[in-house]
Amino acid sequence: MNLLSQLLIGFIAVLHLYILWLEMFAWTTRGRKVFKTIPPDQFEKTKVMAANQGLYNGFLAAGLIWSLLITNVDWSKNVALFFLACVLVAGIYGALTASKRIFFVQAVPALLGLLSLLF
């Protein structure tokens with residue numbers, strides 16, 4: 001795996017660890033400042049749902065970190081491709097159903113990571 005791919009994967013993993021923290025532990029505090037389109041009275045009501053979403057983001061980060069730790073080049077690339085594809089699909093779905101901003105925050109970096117691995 002080339003250095004650019006590793007850097008992109010590392011960045012995306014850190015981004016998803018931040019999303020994990022935000023949704024699982026800071027939903028009712030920092031979350032209000034980040035997700036301005038959600039009415040303030042909804043944060044407490046959606047705290048459990050957001051934590052669940054955060055956990056899934058943590059799994060994406062774990063898979064990406066795992067791909068960086070695998071010493072077999074082929075396996076490392078295949079695991080990275082799988083988790084980047086998962087992030088891309090989640091980003092596209094989020095953009096279509098929640099906010100167009102998600103496409104640029106999640107899907108574009110994943111797409112760049114995929115392209116860096118494939119070319």
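Fair warning: this is a prediction, and the values are worked out from it, not measured in the lab. Values reported hereafter were calculated over all heavy atoms of this structure, with side chains retained and with hydrogens, waters and symmetry mates removed.
- By the side chain to side chain contact (heavy atoms under 4.5 Å, CB included) test, Leu81 is found to be paired with Lys77, Asn78, Leu114, Leu117, Leu118, residues two or more places apart in sequence or in another chain being considered.
- Linking Ile, Leu, Val, Met, Phe, Trp and Tyr whenever their side-chain heavy atoms come within less than 4.5 Å puts Met1 and Leu88 in one cluster.
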Check: residues 40-50 side-chain donor-acceptor pairs under 3.5 Å, at least two apart:
unit_1	atom_1	unit_2	atom_2	d
Thr46	OG1	Trp27	NE1	3.0
Thr46	OG1	Gln42	O	2.7
Thr46	OG1	Phe43	O	3.4

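- When every heavy atom of Leu20 is checked against every heavy atom of Phe25, the shortest pair comes out as CD2-CE1, 3.9 Å.
- Applying the side chain to side chain donor-acceptor pair (under 3.5 Å) test to pairs two or more places apart or on separate chains, none has a residue in residues 64-76.
- The salt bridge (Lys or Arg N to Asp or Glu O under 4.0 Å) analysis of residues 24-33, with sequence neighbours excluded, yields no pairs.
- With sequence neighbours excluded, no residue satisfies side-chain hydrogen bond (donor to acceptor under 3.5 Å, both in side chains) with Asn52.
- When hydrophobic clusters are built by joining Ile, Leu, Val, Met, Phe, Trp and Tyr residues whose side-chain heavy atoms come closer than 4.5 Å, directly or via intermediates, Tyr18 is grouped together with Leu55.
- If you chain together ILVMFWY residues whose side-chain heavy atoms come under 4.5 Å of each other, Leu69 ends up grouped with Leu17, Ile65.
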**OP:** Start with the C-alpha distance between Thr37 and Ser99, add both sets of side-chain angles, then the distance that settles side chain to side chain contact (heavy atoms under 4.5 Å, CB included), and finish with yes or no.
**Re:** CA-CA 9 Å; Thr37 59; Ser99 169; 5.9 Å; no
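- When all heavy atoms of Met24 and Ala51 are compared, the pair lying nearest together is CG-O, 3.3 Å.
- For residues 81-92, the set of pairs meeting the side chain to side chain donor-acceptor pair (under 3.5 Å) definition, not counting sequence neighbours, is empty.
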For residues 5-15, which side-chain N or O atoms pair as donor and acceptor with protein atoms under 3.5 Å away, sequence neighbours left out?
unit_1	atom_1	unit_2	atom_2	d
Ser5	OG	Asn2	OD1	2.9
Ser5	OG	Asn2	ND2	3.4
Ser5	OG	Ser116	O	3.2
Ser5	OG	Ser116	OG	2.8

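- Atoms CZ and CG, from Phe83 and Leu68 in turn, are 12.0 Å apart once rounded to the nearest 0.5 Å.
- Leu111 and Ile19 fall into different hydrophobic clusters, where Ile, Leu, Val, Met, Phe, Trp and Tyr side chains are chained together by heavy-atom contacts under 4.5 Å.
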Which donor-acceptor pairs under 3.5 Å do the side chains of residues 102-110 make with protein atoms, sequence neighbours left out?
unit_1	atom_1	unit_2	atom_2	d
Gln106	NE2	His16	NE2	3.0

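- Under the side chain to side chain donor-acceptor pair (under 3.5 Å) criterion, no residue pair touches residues 81-93, with sequence neighbours excluded.
- For residues 53-66, no residue pair satisfies the salt bridge (Lys or Arg N to Asp or Glu O under 4.0 Å) rule, not counting sequence neighbours.
- Linking ILVMFWY side-chain heavy atoms closer than 4.5 Å, directly or via other members, places Leu96 and Val89 in two distinct hydrophobic clusters.
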